[in-house]
Amino acid sequence: MVTVEDIWPAWHAEERLGSGAFGTVWRASASTSCAVKIIQIAHEEGELESLRALGVDATGADALLERRAGEVLAEVEALDALRGEPNVVQIED
């Protein structure tokens with residue numbers, strides 16, 4: 001699993017706040033405290049192997065992961081479009 005420190009070495013994950021369809025949210029800190037959402041297109045280690053065991057070929061697995069990547073991108077773009085709204089999380093990094 002990817003950690004906050006893997007992506008931003010200056011940051012330290014302090015507490016897991018929750019998780020959803022696209023990833024896990026952590027309270028993290030560096031010079032300030034914030035929440036960090038780590039998004040993984042493959043939901044768990046070994047997911048591709050599990051798909052293969054179910055008979056999903058490489059084309060099918062690629063299509064699934066591409067669809068998830070598109071959903072994640074749409075979420076990021078929607079949050080960016082709402083930048084500055086007081087009740088919406090801000091994307092900074």
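- Minimum interatomic distance between A30 and A10 (heavy atoms only, all atoms of both residues): CB-O, 3.6 Å.
- For the residue pair T24 and S19, the shortest heavy atom distance occurs at OG1-CB, 3.7 Å.
- Note that NE2 of H12 and OG of S29 are 6.0 Å apart. Values are rounded to the nearest 0.5 Å.
- L51 has its side chain within reach of L64: a pair of non-hydrogen atoms, C-beta onward, lies under 4.5 Å apart.
- For L17, the side chain to side chain contact (heavy atoms under 4.5 Å, CB included) partners two or more places apart in sequence, or in a different chain, are E15, V25, R27, A35.
- Between R67 atom CZ and D62 atom CG the span is 13.0 Å, to the nearest 0.5 Å.
- Between E5 and A13, the closest heavy-atom pair is OE2-N, 3.0 Å.
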